[in-house]
2 protein chains.
Amino acid sequence: MSAYDASMTEPNPFRVENCSIERTLAVVGEKWTFLVLREAFNGVRRFADMQAGTGAPRQVLSARLARLVEEGLLRKVPYREPGSRRRDEYRLTQKGLDLYPIMVSLMHWGDRYEADPDGPPVVLTHRDCGSPIEIALRCADGHEVPSPREVTPRLGPGARLAG
Amino acid sequence: MSAYDASMTEPNPFRVENCSIERTLAVVGEKWTFLVLREAFNGVRRFADMQAGTGAPRQVLSARLARLVEEGLLRKVPYREPGSRRRDEYRLTQKGLDLYPIMVSLMHWGDRYEADPDGPPVVLTHRDCGSPIEIALRCADGHEVPSPREVTPRLGPGARLAG
DNA sequence: CAGCTAAGTCTAGTTGACAGACTCAGGTGC
DNA sequence: GCACCTGAGTCTGTCAACTAGACTTAGCTG
């Protein structure tokens with residue numbers, strides 16, 4: 001997947017029927033799910049707080065939480081406030097935590113193109129030194145890869161070409 | 001936005017009403033749009049090819065293309081095959097191209113957690129040296145930041161706290 | 001048992017996706 | 001000028017998901 005020359009009969013010779021992006025989208029590729037995940041990354045764990053943070057209708061939130069638990073991105077952890085019944089919180093699993101680069105990328109693009117004129121509302125910083133966080137594309141040899149144009153797709157071991 | 005300690009009254013002190021993630025999601029936060037963008041990054045430009053690659057119903061595709069043009073992520077470029085009328089192709093703008101880290105992150109997460117047992121279907125490589133592409137989180141001082149737990153959010157210049 | 005409250009579930013109306021068919025609009029050949 | 005062509009839409013009725021608001025559930029406490 002890169003910006004690619006279209007002077008071929010098949011516009012995309014890397015069109016696979018088991019595309020990983022599409023697999024990811026099947027799990028998280030819609031607004032409410034992303035917002036739930038955003039809340040989870042912000043440490044929000046309880047239903048009511050998730051609802052306040054996302055603005056999702058309860059039915060939508062309930063369904064998304066159940067789905068994310070089922071898919072293994074969130075797990076339920078029981079808790080009980082004094083005076084209340086036992087309830088569950090929702091916490092990110094490692095599988096869920098590994099979505100972090102996606103969330104940061106979404107934020108940075110929004111910071112750049114959709115933020116208010118005052119600038120970004122939240123800045124992510126390195127806990128140890130305080131410098132802002134960046135997302136970098138590089139190759140395994142350590143080269144910087146600043147643009148999609150310097151990326152060449154290759155068919156991988158699991159490639160199944162589509163019609 | 002990081003994995004955060006929840007032992008406070010406000011579960012998320014960085015809850016802003018102008019969240020950049022949410023701004024991004026308002027533009028691209030649903031399946032069909034991402035699939036259109038995937039095709040665009042793969043060099044697919046024409047309606048019929050977009051449709052073949054995404055599987056989107058024509059009405060959905062037409063609406064998404066129009067929206068992406070309106071939002072400035074795609075632009076229309078006229079073309080004409082001999083024997084045919086003038087038509088438009090759809091190409092990524094810089095604004096659209098800057099979504100690349102999101103697309104790569106989606107792919108990598110899918111490669112890791114949702115791919116077939118044979119492995120990823122497509123591997124992105126550095127054009128100049130052939131090594132696989134990676135996404136790295138680091139800070140502006142050059143430190144590696146391997147986990148959300150090493151990230152500290154701060155309110156930015158545009159922060160508008162939510163209720 | 002009544003009251004409480006967080007986390008769901010329900011319901012009728014609205015909106016968007018969907019499959020399939022139809023239309024449109026320039027180019028070409030007759 | 002007309003018929004044919006074809007890629008890019010547009011239309012339509014059905015189905016699925018979202019939505020706002022209300023209601024229910026299920027443990028705990030007094």
Side-chain angles (χ1 to χ4, degrees), chain A residues 6-12 22 25-36 39-40 43-71 74-91 163, chain B residues 6-12 22 25-36 39-40 43-71 74-91 163:
Chain A
S7 51
M8 273 180 265
T9 304
E10 166 58 61
N12 173 20
E22 203 161 333
L25 294 174
V27 179
V28 301
E30 65 80 37
K31 177 178 107 169
W32 294 119
T33 301
F34 277 122
L35 290 178
V36 170
E39 294 304 306
V44 178
R45 295 172 170 163
R46 301 181 180 184
F47 191 95
D49 296 329
M50 288 273 183
Q51 207 205 359
T54 59
R58 310 165 92 84
Q59 184 180 351
V60 169
L61 180 58
S62 177
R64 295 298 185 279
L65 288 170
R67 181 76 199 283
L68 288 167
V69 169
E70 178 195 323
E71 292 287 344
L74 293 180
R75 60 187 165 99
K76 287 190 191 180
V77 179
Y79 75 98
R80 197 173 84 74
E81 297 283 341
S84 283
R85 52 177 294 191
R86 211 212 63 170
R87 302 188 192 284
D88 293 321
E89 295 183 330
Y90 297 86
R91 295 192 192 179
Chain B
S7 53
M8 270 179 268
T9 304
E10 166 59 59
N12 173 21
E22 202 160 334
L25 294 174
V27 179
V28 301
E30 64 79 38
K31 178 179 106 171
W32 294 120
T33 301
F34 277 121
L35 290 178
V36 169
E39 294 304 305
V44 179
R45 295 174 171 161
R46 299 182 182 183
F47 190 94
D49 296 328
M50 288 272 182
Q51 208 207 356
T54 59
R58 311 167 92 83
Q59 184 181 354
V60 169
L61 180 57
S62 178
R64 294 299 185 277
L65 289 170
R67 181 76 199 283
L68 288 167
V69 170
E70 181 194 323
E71 291 287 343
L74 292 179
R75 61 190 164 98
K76 286 191 189 179
V77 180
Y79 77 97
R80 195 172 84 76
E81 296 284 340
S84 282
R85 54 178 291 191
R86 211 213 63 171
R87 300 189 194 285
D88 294 320
E89 295 184 330
Y90 297 86
R91 297 191 190 181

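Treat the numbers as computed from the prediction; the structure is a model and nothing was measured.
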Decide yes or no, distance alone: a donor-acceptor N/O pair under 3.5 angstrom between the base of C/dA7 and the side-chain of A/Arg87. no
Looking only at side-chain N and O atoms, does B/Tyr90 come under 4.0 Å of OP1 or OP2 in D/dG9? yes
Under 4.0 Å from OP1 or OP2 of C/dA7: is there any side-chain N or O of A/Tyr79 that close? yes
Figure out the CZ/C1' separation between B/Arg86 and C/dT28, and round it to whole Å. 18 Å
Provide, to the nearest angstrom, the distance between the CG atom belonging to B/Leu61 and the P atom belonging to D/dA8. 10 Å
Can you spot which of B/Leu74, B/Asp88, B/Val60 makes a side chain to side chain contact (heavy atoms under 4.5 Å, CB included) with B/Leu65? B/Leu74
Where each residue is assigned the nucleotide of DNA chain D containing its nearest heavy atom, which of A/Gly83 and A/Glu30 is assigned the position nearer the 5′ end? A/Glu30
Basic-acidic side-chain contact under 4.0 Å: A/Arg87, A/Glu81: no
Counting just side-chain N and O atoms, does A/Arg45 come under 4.0 Å of either OP1 or OP2 of C/dA7? no
Between P on C/dA6 and CE on A/Met50, what's the gap in Å once rounded to a whole number? 16 Å
Distances under 3.5 Å between protein N/O atoms and the N/O atoms of nucleotides 19-23 of chain D, please, pair by pair.
residue	atom	partner	partner atom	Å
D/dT19	OP2	A/Trp32	NE1	3.0
D/dT19	O4	A/Gln59	OE1	3.3

Please give, in whole Å, the distance from D/dA8 C1' to B/Arg80 CZ? 16 Å
Please report, rounded to the nearest Å, how far the P atom of D/dG7 is from the CD atom of B/Glu89. 14 Å
Between C/dA6 atom P and A/Gln51 atom CD, what is the distance in whole Å? 12 Å
Dump the intermediate steps for side chain to side chain contact (heavy atoms under 4.5 Å, CB included) on B/Arg75 and B/Tyr90, then the final yes or no. CA-CA 6 Å; B/Arg75 61 190 164 98; B/Tyr90 297 86; over 6 Å; no
Are the side chains of B/Thr33 and B/Leu68 in touch, meaning some heavy atoms are under 4.5 Å apart? yes
Of A/Arg85 and B/Phe47, whose closest DNA chain D nucleotide lies nearer the 5' terminus? B/Phe47
Distance check needed: D/dG9 P versus B/Arg46 CZ, whole Å only. 13 Å
Which atoms form the tightest heavy-atom contact between A/Arg67 and A/Val27, and what is the distance? NH2-CA, 4.5 Å
On the ring face of B/Tyr79, is B/Arg46 found with NZ or CZ under 6.0 Å from the centre and within 45° of the axis? yes
Distance below 4.0 Å between B/Ser84 side-chain N/O and D/dC5 OP1 or OP2: no
Nearest-angstrom distance from the residue atom CG of B/Leu65 to C1' of D/dT10: 14 Å
Side chain of B/Ser62, backbone of B/Arg58: donor and acceptor closer than 3.5 Å? no
